[in-house]
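In what follows, chains are A, B, ... by sequence order, proteins preceding strands, each numbered from 1. Note that these values count all heavy atoms, side chains included, but never hydrogens, waters or copies made by symmetry. Predicted, not measured: the structure shown is a model, and the values here were computed from it.
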Number of protein chains: 2
Amino acid sequence: MVAALAGVSRATVSRVVNGSTSVAPELVHSVEQAVRTLNYVPNRAARTLASRRTYTITLLVPESTSKVFADPFFATVVEGVAKYLNSTDYMLNMVTSSEANPGKTQRYLMGGNVDGVLVVSHHSGDHSWEHLSDALPIVFAGRPLLNAADSYYVEVDNEEGALAAVERLISTGRQNIATIAGPQDMPPGVDRLAGWRGGLHQAGLSDALVEYGDFTVASGAAAMQRLLGRGKPLDGVFAANDQMAAGAHSVILKHGLRIPEDIALVGFDDDQFATGVEPALTTVHHPIAELGEKMARMLVELIEGRAAERVCRLPTSLVVRESA
Amino acid sequence: MVAALAGVSRATVSRVVNGSTSVAPELVHSVEQAVRTLNYVPNRAARTLASRRTYTITLLVPESTSKVFADPFFATVVEGVAKYLNSTDYMLNMVTSSEANPGKTQRYLMGGNVDGVLVVSHHSGDHSWEHLSDALPIVFAGRPLLNAADSYYVEVDNEEGALAAVERLISTGRQNIATIAGPQDMPPGVDRLAGWRGGLHQAGLSDALVEYGDFTVASGAAAMQRLLGRGKPLDGVFAANDQMAAGAHSVILKHGLRIPEDIALVGFDDDQFATGVEPALTTVHHPIAELGEKMARMLVELIEGRAAERVCRLPTSLVVRESA
DNA sequence: TTGTAAGCGTTATCAA
DNA sequence: TTGATAACGCTTACAA
């Protein structure tokens, strides 16, 4: 360690580099100067080997690589994660749990090569990684289907968001409010439906108008079609995400009905689908980048043994545009 | 190293693990067995420290993190990279060159923490990383603006693709073929325009009908508007990407013209915009995932000192749908 | 507060 | 072909 040539022992250099408090200010100064002139960069591998800390966090990408990457949700989460990690010493590394090599990932993660894991398997019930959590700190994006009670995770407050959507609909005078719900085997699907129900009950309105979709545009269109086909009075719709709302949107217009005059429409997520239609969607903002940031922050706290809440629920906000 | 407890020296274990040829078959066998029963996983840090090889490849993400991640091109490249790397011992790590911490990335990369770098700054002329290449193997996605001559990169054959597009237009009887070209400060913009020109010249047709866009839907629409405004005969359009083609598409229909009967339209990229319009676009397929795969393969070859072509140009193929 | 010295788990050199 | 043994560059008791 060449920096020692600037006056002190390697131990002291190490202390300075790692910000130990117990070092004489003058020594700190001269070491820092030496570091600068020698352009010294600590060797990560050596540091890891000695300290048994890797300063590496793995982003675990589930099986269906192609689908996940195409998903803007994923991209935005990663963006948030990267942003936070940039302010720390941690490096981010991605591992896709290859179908081909099931054990490889496992071994890598358990092999002490990583300080913690971030799991972004947003849909796909595959939470085969939960068992890792007793070997390694793990934070999930979204509430896991199983073992939610002992998992660390960050999610948006889906129920609150849906409630706000319904309240908007009610406050603009709607009385017959339907929902296009998401799959009931996914927490967001369940929670958004519950929020819708809650809002209606609060106002003493009926919750009979429910149709289900799978979060795709096509399924939203089909659900809207069924809703209209019921022949019941209908003047407001809450779709559990913007994609389904977009599908409903086109069906409503195709039926010669006006948005929002005849049917008001509120979506959820505030993504490109919300602004990609005309009139643009009033929707619930899903703070995805913040979710990623929070996940990373939580994981780092966990790793460093600082207090960390087991679950973090991010608040939503209603974005009012033209559709409701 | 506990595995040594199964008969031999640590040196031999190392040889077996690393597949050295000069080891007695019986020893190989017993070591492998020991590895299995002890569930031994080599320690990356120790290996790196001793061998000065990190088995880590960095994916360098340019400044504007949010834009890049939103770009499906980026996501797909990463997918390809990850896929190839999964078949190797290399790990992928992402570093976003934070505006906040300009030197940090630099030091990390130069600090011997990485075996090679993949740069995916698809647009954004910022190739401030080219100087790294004399310290570290680097492979770029797309031909770099500067120093293309001494850079390693993978690109799609833009000129060939554009040529095929024009040939399609000609073969379906079009005589007055325009182009909506991309920015001329980006290699794909330049090359696709050149391909269009080449096709027309080959056929003895005029190359007068050129308008420029910036690869966005809106710019494509505006360019189409200008093309139509010229009042010249026009029965075919080649747009330099599908987004601009989609913009042109809506303008054509809005003018009461039919696609492809009145104006045939060919795009480039074969992305979601090609299938998102009705009639769907005939377009040039851009093999993005393959590009990522090839980049990774090239980098690994470079790192391991095996022969590697300086530039790899991926072939395109025409996807015939309804618009031409 | 500072220095000494013992690892950390591999690979690599050199004899045997 | 195999085995000692010395690095690799850092952290961290433990002493001073």
Query raised in the report: Considering only D:dG3, C:dG9, C:dT4, which nucleotide approaches the side chain of A:S9 most closely?
Result: C:dT4

Report task. Look at the side chain of A:A46 and decide which nucleotide, out of C:dT10, D:dG9, D:dT1, has an atom nearest to it. Result -> D:dG9

**Report entry** 5' precedence on DNA chain D between A:V41 and B:E26 (nearest-nucleotide basis)
**Finding:**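 The answer here is B:E26.
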
Query raised in the report: Mapping A:S14 and B:S51 onto DNA chain D by nearest heavy atom, which one lands closer to the 5' end?
Result: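 Residue closer to the 5' terminus by nearest nucleotide: B:S51.
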
If you look at every strand shown and take non-hydrogen atoms under 4.0 Å, does [X] touch a base, only sugar-phosphate, or nothing?
{"X": "B:T12", "value": "sugar-phosphate"}
{"X": "A:R15", "value": "base"}
{"X": "A:A11", "value": "base"}
{"X": "A:V16", "value": "nothing"}

Atom pair distance, as rounded to whole Å: [atom1] in [X] and [atom2] in [N]:
{"X": "A:R10", "N": "C:dT2", "atom1": "CZ", "atom2": "C1'", "result": "15 Å"}
{"X": "A:L49", "N": "D:dA7", "atom1": "CG", "atom2": "C1'", "result": "12 Å"}
{"X": "B:R44", "N": "D:dC8", "atom1": "CZ", "atom2": "P", "result": "22 Å"}

**Report entry** Member of A:I138, A:V154, A:L59 meeting the side chain to side chain contact (heavy atoms under 4.5 Å, CB included) criterion with A:L118
**Finding:** A:L59

Query raised in the report: Does A:R47 make a side-chain N or O approach to OP1 or OP2 of D:dT11 shorter than 4.0 Å?
Result: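 A:R47 to D:dT11 OP1/OP2: side-chain N or O found under 4.0 Å.
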
Query raised in the report: Within 45 degrees of the axis of the six-membered ring of A:F140 and under 6.0 Å from its centre: does A:R143 put its NZ or CZ there?
Result: no

Query raised in the report: Does A:R310 come within less than 4.0 Å of A:D150, counting only side-chain N to carboxylate O?
Result: no

Query raised in the report: When A:N93 is tested against each of A:N113, A:T58, A:T56 for side-chain hydrogen bond (donor to acceptor under 3.5 Å, both in side chains), which residue passes?
Result: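 The residue from A:N113, A:T58, A:T56 that satisfies side-chain hydrogen bond (donor to acceptor under 3.5 Å, both in side chains) with A:N93 turns out to be A:T58.
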
